[in-house]
Amino acid sequence: MKKPIRIDTFRKYRFLSAVAFNKAATKVAFIVKQARGNAYTSDVYVTDLASKVTEKLTECGTVRHFVWLAGDTLLYAVPAGEGTAFIEADVTAGTERKAFTVPVKTLQAIDCGEKLLIHAEYHIPEKYNKPDAAYDVFDELPFRWNAQGLVNGVRKRLYYYELSTGAFTPVTGDDFYVGNLTTSPWQLSVSDKYILFIGQHCDGVQKTYTGLHLVDRATGERKAILPDGQQKVELAQLLDDCAIFTSTAGETTGACQMCEFHRYDFATGEIELIKNYELSTGMAITTDSTLGAGFVNKSANGLVYFTTMEGYSTTLKSIDKEGNISASLTPEGSLNCFDVNGEHIAGIGMYGDRLQEVYVDGERITSLNADILENYAVCTPEYISSQRPGGERVDGWVIKPAGYEAGKKYPGILNIHGGPHAAFGPTYFHEMQVWANAGYFVFYCNPHGSDGKGNAFGDMRGQYGTNDYEDIMFFTDTVLAAYVDIDGDRLGVTGGSYGGYMTNWIIGHTNRFKCAASQRSISDWAISEWISDCGFQRNAAKMGGTALGNPEKVRWHSPITYSENVVTPTLFIHSYEDYRCHHSQAVAMFTMIRQRGVDARLCIFKGENHELSRSGKPENRESRMREILNWMDKYLH
């Protein structure tokens with residue numbers, strides 16, 4: 001008999017990221033994180049592709065990132081005070097030595113022959129707020145950012161490190177931000193001649209859109225291919241005679257429009273649209289069972305490879321300089337990151353009911369999470385779709401309770417994803433497995449606003465609480481009709497971020513759910529515009545107006561407006577350092593319904609941010625899940 005999946009079972013999971021081939025494509029290295037105590041260890045593992053043997057390379061538990069050098073030499077980075085120490089390891093000989101230390105927190109290192117190009121966090125001394133200061137001073141927007149804390153005076157900068165001399169010199173200046181606050185460090189592209197990066201000049205207020213910049217490695221001259229503030233740029237890679245990038249000015253569906261592929265010709269300086277593309281790049285299927293990042297686009301073999309979400313699957317594709325896009329190069333599922341070396345493709349992904357493993361050329365080469373599928377009661381999601389009259393097909397899934405018995409009535413939990421520009425799939429999701437193992441039907445879908453179905457389906461400008469709400473309610477009806485053993489009088493609803501917003505919206509518009517758990521939510525778009533780390537950049541695009549310019553519309557879309565209708569007992573989960581959806585949003589909604597006598601509970605976690613459910617401290621993740629499960633049990637069992 002298989003063991004039940006409990007709240008703390010995630011402590012057994014190994015979270016994989018940053019897969020990369022060595023130069024000869026005979027080995028792959030990757031980072032493995034795992035909960036230990038109230039933190040996560042982070043170490044490098046290496047798999048020999050001939051023997052298929054996987055070994056743990058490091059034991060420090062604090063690896064930030066790594067890069068392969070010549071032969072079987074691997075350089076990995078660990079914290080060293082306020083800087084970073086680089087350790088050189090000979091994978092074949094099993095030896096290592098401390099190579100050098102740099103005085104900055106590094107995010108990524110790229111092998112450039114005799115040099116390393118290092119992407120690092122840099123603090124402008126006169127602007128950066130020290131933790132022991134009596135008070136903080138801010139003169140920039142944003143001055144704080146979710147999961148990064150105070151960012152006033154913080155820059156992301158490029159440096160060269162000369163391996164032979166130890167010279168450490170900046171490539172970009174104090175006034176430039178390489179990348180943006182939400183961009184993975186794996187967005188850099190380097191060739192023999194150029195460095196290509198997404199970024200912008202810092203003038204006190206970060207622009208909604210970054211620019212695209214090219215640095216000549218010989219002269220150090222920087223050129224803006226796309227000036228700052230004009231277009232959204234998400235992917236940028238160098239080929240031999242051109243750069244391929246995705247960008248959009250949002251002409252049809254605004255800031256959430258998917259980016260089209262463009263080519264920048266080095267010889268002529270001209271930019272040409274080579275492919276209209278309405279699918280997201282760099283996104284994976286939503287889950288709470290990953291931790292860490294890796295390459296989501298890369299140039300190799302005269303092509304640009306990229307991950308893309310289509311429907312409810314993330315796969316790898318490639319595009320050539322003429323705009324021809326390949327068929328999917330990996331199976332349907334959720335590809336989290338990848339690497340390409342010659343004809344070989346390595347990827348970290350989640351397929352079927354499995355947690356993350358490493359796959360090379362379609363073959364699974366690790367079994368680091370095999371114990372979970374083999375020995376625990378993993379419940380397989382079942383696909384179901386719905387289509388309300390006049391609407392479009394909505395993809396969804398139902399998970400039956402562990403040990404399900406036909407004819408027995410069970411309570412159900414509706415789960416709503418964040419974003420809304422994200423997507424669920426049949427991918428392993430820890431908390432939903434916990435609920436199913438606790439005796440619940442679990443059901444979830446991808447309503448309007450979700451990724452994977454193009455611009456029109458994803459366009460939610462000024463529509464929050466309309467098409468999406470109708471999709472979710474009709475989907476609920478469809479599930480109840482198809483699964484007659486769900487007790488329609490014992491339904492709960494929950495969701496985080498956008499899912500928290502929609503939970504707040506639902507309890508103000510229907511009484512069909514016996515309880516709700518609203519997580520890291522928004523209740524008032526006006527306050528979010530002024531308090532959220534990115535509200536001043538994004539909320540106008542989402543609402544179709546600003547709090548001052550169109551207050552009636554902003555108020556109409558705010559769940560707090562309908563709080564007097566709420567009778568549903570509601571649990572609110574939030575975090576004090578959530579700067580994306582500030583905890584005041586939960587406080588406001590809690591206050592409005594509790595003063596009217598509605599049963600409500602407010603839990604605000606210390607030392608956590610918007611990522612609590614995915615990367616929060618293990619003990620806090622357990623407490624959060626326990627609060628939600630206890631709340632559901634109180635009203636549904």
Side-chain angles (χ1 to χ4, degrees), residues 18 20-25 27 29 31 44 63-80 82-91 96-123 155-179 183-199 212-223 225 236-241 243 266 293-295 297-300 339-341:
F21 284 109
N22 65 349
K23 307 291 184 183
K27 294 178 173 64
I31 289 177
V44 179
V63 175
R64 283 179 173 167
H65 56 85
F66 68 87
V67 59
W68 283 104
L69 302 179
D72 285 346
T73 301
L74 184 145
L75 198 64
Y76 66 90
V78 296
E82 294 188 357
T84 304
F86 283 84
I87 313 299
E88 184 181 288
D90 187 315
V91 175
E96 64 179 38
R97 68 177 184 88
K98 185 175 180 179
F100 58 90
T101 300
V102 294
V104 290
K105 176 183 176 181
T106 64
L107 307 171
Q108 182 189 9
I110 299 174
D111 180 20
C112 294
E114 296 179 355
K115 299 177 181 180
L116 287 180
L117 180 67
I118 294 176
H119 189 201
E121 186 175 279
Y122 170 75
H123 300 157
R155 305 289 186 259
K156 300 287 174 64
R157 196 174 186 183
L158 296 180
Y159 295 85
Y160 270 136
Y161 182 85
E162 299 266 0
L163 293 170
S164 59
T165 66
F168 187 62
T169 55
V171 177
T172 55
D174 287 351
D175 61 344
F176 226 86
Y177 200 102
V178 177
T183 297
S184 161
W186 282 267
Q187 293 293 326
L188 289 169
S189 184
V190 182
S191 69
D192 293 339
K193 295 182 179 180
Y194 300 109
I195 302 169
L196 182 69
F197 66 88
I198 299 167
L212 180 61
H213 299 267
L214 191 70
V215 174
D216 187 306
R217 291 184 59 185
T219 66
E221 180 183 358
R222 179 182 60 81
K223 179 179 182 179
I225 295 177
Q237 289 292 328
L238 292 164
L239 295 179
D240 53 355
D241 58 355
F266 294 142
F295 291 109
N297 54 74
K298 183 179 180 179
S299 59
D339 193 20
V340 175
N341 187 326

Given side chains that start at C-beta, do those of [X] and [Y] come closer than 4.5 Å, heavy atoms only?
X: Thr73; Y: Glu88; answer: yes
X: Tyr194; Y: Asp216; answer: yes
X: Arg217; Y: Val190; answer: yes
X: Ile195; Y: Ile110; answer: no
X: Leu116; Y: Tyr160; answer: no
X: Val104; Y: Tyr159; answer: yes
X: Trp68; Y: Asp339; answer: no

[atom2] on [Y] to [atom1] on [X], rounded to 0.5 Å:
X: Leu188; Y: Gln237; atom1: CG; atom2: CD; value: 9.0 Å
X: Arg157; Y: Ile118; atom1: CZ; atom2: CD1; value: 13.0 Å
X: Leu75; Y: Glu96; atom1: CG; atom2: CD; value: 11.0 Å
X: Asn341; Y: Asn22; atom1: CG; atom2: CG; value: 7.5 Å
X: Leu107; Y: Lys105; atom1: CG; atom2: NZ; value: 7.0 Å
X: Ser189; Y: Leu238; atom1: OG; atom2: CG; value: 3.5 Å

Please list, chain by chain and in numerical order, all residues satisfying side-chain hydrogen bond (donor to acceptor under 3.5 Å, both in side chains) with [X], sequence neighbours excluded.
X: Lys23; answer: Asp111
X: Asp241; answer: Lys321
X: Lys27; answer: Asp72
X: His213; answer: Arg222, Asp228

* Picking from Arg64, His65, Glu121, what satisfies side chain to side chain donor-acceptor pair (under 3.5 Å) with Thr106? ->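 Answer to the side chain to side chain donor-acceptor pair (under 3.5 Å) test with Thr106 among Arg64, His65, Glu121: His65.
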
* Any residue meeting side-chain contact (heavy atoms from CB on, under 4.5 Å) with Ala18, in chain and number order, not counting sequence neighbours -> Ile31, Phe66, Trp186

* **Flag, side chain of Arg155 to backbone of Phe176, donor-acceptor distance under 3.5 Å** =>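 No; judged by distance alone, with no hydrogens or angles, the pair does not exist.
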
* Measure across Ile198 and Ala236 and return the closest heavy-atom pair with its distance rounded to 0.1 Å. => CG1-CB, 4.3 Å

Could you give the side-chain donor-acceptor pairs of residues 162-173 under 3.5 Å, partners two or more places apart or in another chain?
{"unit_1": "Thr165", "atom_1": "OG1", "unit_2": "Ala167", "atom_2": "N", "d": "3.2"}
{"unit_1": "Thr172", "atom_1": "OG1", "unit_2": "Leu158", "atom_2": "N", "d": "3.1"}

* Less than 6.0 Å separating the ring centroids of Phe86 and Tyr161? ->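 That pair fails the under 6.0 Å test.
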
